[in-house]
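Below is one structure, written out as structure tokens; the observations come after it.
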Amino acid sequence: MKFTPIVLSTLLGLALSEPIPVPRAPTADPDPSEVWIEDVTYGGTGCPQGTASISLASDRKSFTVILDAYIASAGPGYTITDSRKNCQLNVQLHYPGGFQYSIFSSDYRGFVDLEAGVTGIQKATYYFAGQTKQSSTQTTFTGPKSEDYLIHDEVPFDSTVWSPCGEYAGLNINSQVRVDAGSSKTAKGFLTTDSVDGKVTFKAGVQWQPCVVAK
């Protein structure tokens, strides 16, 4: 079975030019001209080195990652390794001092094909390099199901992970897809971040807040 390449597009800086609903009182945003993506790297069982290409927009406000190996499958003929895949992106974002940022919403498009008794999970975890606090979102699919999907995740404001004040830290986005056939020896299924046209868009909403100077 051949799967079309996946396109993963993250919009970070563009969020500065469009209003984003923040669950609490709005805060000032930094000057958009002072915010840009410096670099994006990837790795994982769902995106081994050499299976993805990264393209930064000319204004460095967005990037696109094209993958061709991000699919989890379970059932006869598949191993435990086949049923669990992950892809981690590390985003280096440049922004002015005196601000910190966090991700609070994301959209995923893909395709799920599960027979009765098979379940699939799509999960994303956000954390900053050097910090132990994490924030995660998760969606579970239950077979029988065969359809395209669109997942809109919202991270509760109280559990968002903020970048450290006074220093630049890379944002890690670790997405996972898992499929479990349970006790069945014949049921099968797969889950991929692959939309009907072969492209998936992941949009990360950015929220800002001024750093608070400790007294």
Side-chain angles (χ1 to χ4, degrees), residues 6-16 20 22-23 30 34-57 60-72 81 84-97 99-110 121-139 151-178 191-193 200-209 211:
I6 307 163
V7 175
L8 176 60
S9 178
T10 301
L11 305 180
L12 290 173
L14 290 182
L16 297 175
I20 294 180
V22 177
E34 297 185 60
V35 179
W36 64 84
I37 298 169
E38 293 190 334
D39 191 25
V40 180
T41 56
Y42 70 90
T45 56
C47 55
Q49 292 299 308
T51 65
S53 61
I54 299 173
S55 176
L56 281 174
R60 304 187 77 86
K61 302 294 187 182
S62 65
F63 67 91
T64 299
V65 183
I66 301 177
L67 309 98
D68 60 8
Y70 200 8
I71 177 173
T81 302
R84 301 175 181 178
K85 300 293 181 177
N86 84 294
C87 184
Q88 177 162 308
L89 302 179
N90 178 269
V91 182
Q92 295 290 338
L93 184 67
H94 177 278
Y95 54 98
F99 282 91
Q100 59 182 164
Y101 76 102
S102 178
I103 303 298
F104 76 96
S105 68
S106 58
D107 294 319
Y108 296 86
R109 297 179 187 275
I121 293 176
Q122 190 278 337
K123 182 178 181 180
T125 301
Y126 306 89
Y127 63 98
F128 287 94
Q131 294 189 322
T132 58
K133 184 179 180 182
Q134 299 180 344
S135 181
S136 299
T137 57
Q138 179 174 304
T139 299
I151 300 173
H152 178 73
D153 288 334
E154 297 241 357
V155 179
F157 187 86
D158 289 339
S159 57
T160 55
V161 181
W162 292 93
S163 63
C165 284
E167 60 182 285
Y168 298 115
L171 171 66
N172 293 298
I173 305 173
N174 188 0
S175 63
Q176 305 172 42
V177 287
R178 304 199 303 266
L191 175 61
T192 178
T193 346
V200 59
T201 300
F202 167 75
K203 294 182 179 179
V206 178
Q207 60 188 11
W208 299 90
Q209 73 175 14
C211 286

Donor-acceptor pair, [X] side chain versus [Y] backbone, under 3.5 Å?
| X | Y | result |
| --- | --- | --- |
| Thr192 | Gly110 | no |
| Gln134 | Phe128 | no |
| Tyr42 | Ala52 | yes |

Between [X] and [Y], which heavy-atom pair has the shortest distance, and what is it?
| X | Y | result |
| --- | --- | --- |
| Gln122 | Ile151 | OE1-CD1, 3.7 Å |
| Tyr126 | Ile173 | CE2-CG2, 3.9 Å |
| Ala72 | Val177 | CB-O, 3.5 Å |
| Tyr127 | Lys133 | CB-O, 3.6 Å |
| Ile121 | Leu191 | O-CD2, 3.4 Å |
| Lys85 | Gly46 | CB-CA, 4.1 Å |

Take Asn174 and Asn86, measure what side chain to side chain contact (heavy atoms under 4.5 Å, CB included) needs, and give me the verdict at the end. CA-CA 7 Å; Asn174 188 0; Asn86 84 294; 3.2 Å; yes
Nearest 0.5 angstrom please: Leu171 CG to Gln92 CD, how far? 9.0 Å
Going by heavy atoms in the side chains, are Asn90 and Gln88 under 4.5 Å from each other? no
